[in-house]
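Below is one structure. I have some questions about it.
Values reported hereafter were calculated over all heavy atoms of this structure, with side chains retained and with hydrogens, waters and symmetry mates removed.
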Amino acid sequence: QVQLVESGGGSVQAGGSLRLSCAASEYTYSRRCMGWFRQAPGKEREVVAGLHTDTGGTWYADSAKGRFTISQDNAKNTVFLQMNSLKPEDTGMYYCAATPVIRGGCTWAQSRFGSWGQGTQVTVSS
């Protein structure tokens, strides 16, 4: 089981930026699909961005395209989410999650992810 620890959340004004980090404890960081999810108050959790740790391939939800960037530092088993031009609707608890790559690829359905971090809060004020 991969253990994940998120950090970097905080409170910013609209238009600001935050960089979230997710450190994975398991040494076999490779062959993982790493996802960032968020849950706004009163809403269901949704996927924001994903990354294939071996290929570096990335995926973004429409709401994140052009504003968020997911990246990794393989040497540190860490995935990042750079969030720019933040909006009040980006407010929520952000979670990092991991799942093994299957047949070389990743899908981003929450049900596929078995390892989750504790979350980090992001609050964007208008």
Side-chain angles (χ1 to χ4, degrees):
Q1 188 84 354
V2 177
Q3 293 185 343
L4 306 168
V5 179
E6 303 99 331
S7 61
S11 297
V12 297
Q13 291 191 328
S17 298
L18 284 172
R19 189 192 195 205
L20 307 183
S21 298
C22 171
S25 64
E26 188 183 275
Y27 72 96
T28 51
Y29 176 76
S30 63
R31 297 183 300 280
R32 291 285 190 274
C33 305
M34 301 294 295
W36 281 101
F37 296 78
R38 72 182 177 196
Q39 187 165 21
K43 295 187 177 181
E44 294 186 355
R45 189 162 55 186
E46 61 180 357
V47 61
V48 174
L51 179 144
H52 187 303
T53 60
D54 281 2
T55 67
T58 59
W59 177 91
Y60 297 93
D62 288 343
S63 60
K65 288 178 181 177
R67 300 188 301 126
F68 294 3
T69 302
I70 188 170
S71 62
Q72 64 177 334
D73 182 338
N74 286 16
K76 296 182 179 180
N77 292 352
T78 300
V79 174
F80 305 99
L81 185 67
Q82 177 67 43
M83 304 187 295
N84 298 328
S85 302
L86 283 163
K87 305 174 182 180
E89 51 263 43
D90 294 318
T91 294
M93 186 70 78
Y94 282 69
Y95 299 91
C96 176
T99 190
V101 170
I102 295 180
R103 291 189 291 274
C106 294
T107 58
W108 309 108
Q110 289 189 54
S111 58
R112 287 215 51 241
F113 287 78
S115 299
W116 292 82
Q118 81 289 350
T120 186
Q121 177 67 36
V122 171
T123 302
V124 184
S125 58
S126 57

### Non-hydrogen side-chain atoms of Thr69 and Leu81 separated by less than 4.5 Å
no

### Task
May I have all residue pairs that pass disulfide (SG to SG under 2.5 Å) and include part of residues 41-90, sequence neighbours excluded?
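Every pair satisfying disulfide (SG to SG under 2.5 Å) with a residue in residues 41-90: there are none.
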
### Query
Among the clusters formed by ILVMFWY side chains lying less than 4.5 Å apart, do Tyr95 and Val79 turn up in the same one?
no

### Query
Taking it one step at a time, do Glu6 and Leu20 satisfy side-chain contact (heavy atoms from CB on, under 4.5 Å)?
CA-CA 7 Å; Glu6 303 99 331; Leu20 307 183; over 6 Å; no

### Message
The criterion is side-chain contact (heavy atoms from CB on, under 4.5 Å); which residues satisfy it with Gln121, sequence neighbours excluded?
### Response
Thr91, Met93, Thr123

### Query
Can you check whether Ala23's main-chain N or O pairs, donor with acceptor, with Thr78's side chain at less than 3.5 Å?
no

### Task
Quick one: which residue pairs count as a salt bridge (charged side-chain N to carboxylate O under 4.0 Å, His left out) with a foot in residues 55-64, not counting sequence neighbours?
Asp62-Lys65

### Query
Hey, is the main chain of Ser7 close enough, under 3.5 Å, to the side chain of Thr120 for a donor-acceptor pair?
no

### Task
Return the set of residues passing salt bridge (Lys or Arg N to Asp or Glu O under 4.0 Å) with Arg67 (not counting sequence neighbours), or none when no residue passes.
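Partners of Arg67 under the salt bridge (Lys or Arg N to Asp or Glu O under 4.0 Å) test: Asp90.
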
### Query
What's the shortest heavy-atom distance between Pro100 and Arg112, and which atoms?
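Scanning both residues, the minimum pair turns out to be O-NH2, 3.3 Å.
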
### Message
Listing request: all ring-ring contact (aromatic ring centres under 6.0 Å, His included) pairs with a residue in residues 69-91, at least two apart in sequence or in separate chains.
### Response
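Every pair satisfying ring-ring contact (aromatic ring centres under 6.0 Å, His included) with a residue in residues 69-91: there are none.
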
### Task
Quick one: list whatever passes side-chain contact (heavy atoms from CB on, under 4.5 Å) with Trp59, sequence neighbours left out.
Val47, Ala61, Trp108

#### Entry: Residue list, ring pair (Phe, Tyr, Trp, His ring centres under 6.0 Å) with Phe37, at least two apart or on another chain
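In terms of ring pair (Phe, Tyr, Trp, His ring centres under 6.0 Å), with neighbours along the sequence ignored, Phe37 is linked to Phe113, Trp116.
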
### Task
Report the residues that fulfil side chain to side chain donor-acceptor pair (under 3.5 Å) with Arg19, sequence neighbours left out, ordered by chain and then residue number.
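Side chain to side chain donor-acceptor pair (under 3.5 Å) check on Arg19 returns nothing, list empty.
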
### Task
Using modelled atom types only, decide if a donor and an acceptor are shared between the side chain of Thr55 and the backbone of Gly57 within a distance under 3.5 Å.
yes

### Query
Listed by chain and number, what are the side-chain contact (heavy atoms from CB on, under 4.5 Å) partners of Ala64, not counting sequence neighbours?
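Only Val48, Tyr60, Phe68 meet the side-chain contact (heavy atoms from CB on, under 4.5 Å) criterion with Ala64.
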
#### Entry: Residues in salt bridge (Lys or Arg N to Asp or Glu O under 4.0 Å) contact with Glu46, at least two apart in sequence or another chain
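Partners of Glu46 by the salt bridge (Lys or Arg N to Asp or Glu O under 4.0 Å) criterion, ordered by chain and then number, come out as Arg38.
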
#### Entry: Sequence neighbours excluded, every pair satisfying disulfide (SG to SG under 2.5 Å) that has a member inside residues 30-78
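Listed once each, the pairs are Cys33-Cys106.
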
### Query
So, do Val101 and Asp54 sit near enough that their side-chain heavy atoms are less than 4.5 Å apart?
no

### Task
Decide yes or no for Gln82 and Ser71: does some side-chain heavy atom of the first lie under 4.5 Å from some side-chain heavy atom of the second?
no

### Message
For a 4.5 angstrom cut-off between non-hydrogen side-chain atoms, does Met83 reach Ser17?
### Response
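Answer no - side chains too far apart.
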
### Task
Of all the heavy-atom pairs spanning Ala14 and Ser126, show the shortest one and how long it is.
CB-CA, 4.3 Å

### Task
Using side-chain contact (heavy atoms from CB on, under 4.5 Å) as the criterion, list what pairs up with Ser115, not counting sequence neighbours.
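side-chain contact (heavy atoms from CB on, under 4.5 Å) check on Ser115 returns Gln1, Val2, Leu4, Ala98.
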
### Message
Could you tell me if the side chain of Thr53 sits less than 4.5 Å from the side chain of Gln72, heavy atoms only?
### Response
yes

